[in-house]
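Both ligands and their constituent atoms are indexed starting at 1 by order of listing. Model, not experiment: these values are computed from the prediction. The basis for the numbers below is simple: all heavy atoms, side chains too, and nothing from hydrogens, waters or symmetry mates.
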Amino acid sequence: MFVKKIAILFSSNGSNLEALLKKVHNKIFNGVKIECVLLICNKKDAFGIQRAKKFGLETKIIEHTKFNSREEFDAQLVKEIKAKDVDLVVLAGFMRILTNTFTSQIKAINLHPSILPLFKGSNAIKDSFFSDMQVGGVSVHYVSDELDGGKIIKQRTFERNKNMTLQDWEDEIHKIEHEILPLCVIEILTIDKIYIKDENV
Ligand code: GRF
């Protein structure tokens with residue numbers, strides 16, 4: 001059996017981290033076992049750290065505030081990731097802008113709560129809700145030098161209904177996020193577009 005290793009980077013609540021671990025960690029898809037071998041968080045009090053413990057996983061804390069520049073922080077991330085020899089890095093609510101130091105060396109995907117290229121940046125949920133767009137959605141894309149600008153891998157939309165509140169909008173987004181991020185990881189690591197068999201169900 002093949003084993004494919006992932007690292008997950010997150011910053012706070014960690015609902016996507018938990019959804020991803022639940023769906024893929026130590027699970028076999030099409031003869032490929034996916035294993036999460038590294039978790040990194042840049043905030044020492046992030047709730048996601050507790051969520052990871054439910055899976056028996058410890059999180060490495062690398063606080064960006066302890067570095068003099070973005071590049072130095074990114075170089076530390078790269079060092080930790082390279083030491084684990086992972087196949088894919090997943091940014092699941094990792095709220096840091098990454099420099100070329102990271103993006104030129106690491107293959108990573110990111111989750112973004114809008115239909116890119118619309119509503120880039122950290123206020124995507126509010127910006128999209130308060131726009132006149134009649135659909136909202138989620139994108140998963142490769143990480144590049146440009147913030148939220150790398151090649152799009154998967155997108156999913158939902159329709160706005162008349163009475164939707166900001167909370168409803170956000171809930172829809174998170175529901176989709178929890179589905180499509182694991183799907184992308186599985187597809188990238190076990191690529192056989194014709195037939196992906198989930199051997200865990
Ligand atoms: C998600 O909406 C993600 O798209 C954005 O940050 C949020 C993280 O949520 N980048 P969580 O920490 O996974 O609950």
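- Annotation: N13 places an N or O atom under 3.5 Å from an N or O atom of ligand 1; distance criterion only.
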Take I62 and F67 through the test side-chain contact (heavy atoms from CB on, under 4.5 Å) and record every step on the way to the result. CA-CA 9 Å; I62 305 179; F67 295 82; 3.7 Å; yes
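- Atom 3 (C) of ligand 1 has E177 OE2, 3.3 Å as its closest protein atom, hydrogens excluded (heavy atom only).
- The one candidate from Q167, H174, K175 that meets the side chain to side chain donor-acceptor pair (under 3.5 Å) condition with D171 is Q167.
- Nearest protein heavy-atom contact of atom 14 (O) of ligand 1 is S15 OG, 2.6 Å.
- For ligand 1, the atoms lying closer than 4.0 Å to a non-hydrogen atom of M95 are 6 (O), 10 (N).
- Scanning all protein heavy atoms for the shortest distance to atom 8 (C) of ligand 1 gives G93 CA, 3.7 Å.
- Between W169 and F158, the ring-plane angle classifies as perpendicular under the 30° and 60° cut-offs.
- The ligand atoms of ligand 1 that sit less than 4.0 angstrom from a heavy atom of H174 are 2 (O).
- The main-chain N or O of T101 is never found under 3.5 Å from a side-chain atom of D74 such that the two would form a donor-acceptor pair.
- Between N30 and T190, the side chains place no donor N or O within less than 3.5 Å of an acceptor N or O (distance only, hydrogens not considered).
- Among all heavy-atom pairs drawn from E63 and F73, the shortest one is C-CE1, 4.2 Å.
- Those atoms of ligand 1 with a heavy atom of P113 less than 4.0 angstrom away are 4 (O).
- The ligand atoms of ligand 1 that sit less than 4.0 angstrom from a heavy atom of L111 are 4 (O), 10 (N).
- The closest donor-acceptor contact from the side chain of R160 to the backbone of M133 lies under 3.5 Å.
- Residue, atom and distance of the protein heavy atom nearest to atom 9 (O) of ligand 1 are N16 ND2, 3.7 Å.
- In terms of protein heavy-atom proximity, atom 12 (O) of ligand 1 is closest to G14 N, 2.8 Å.
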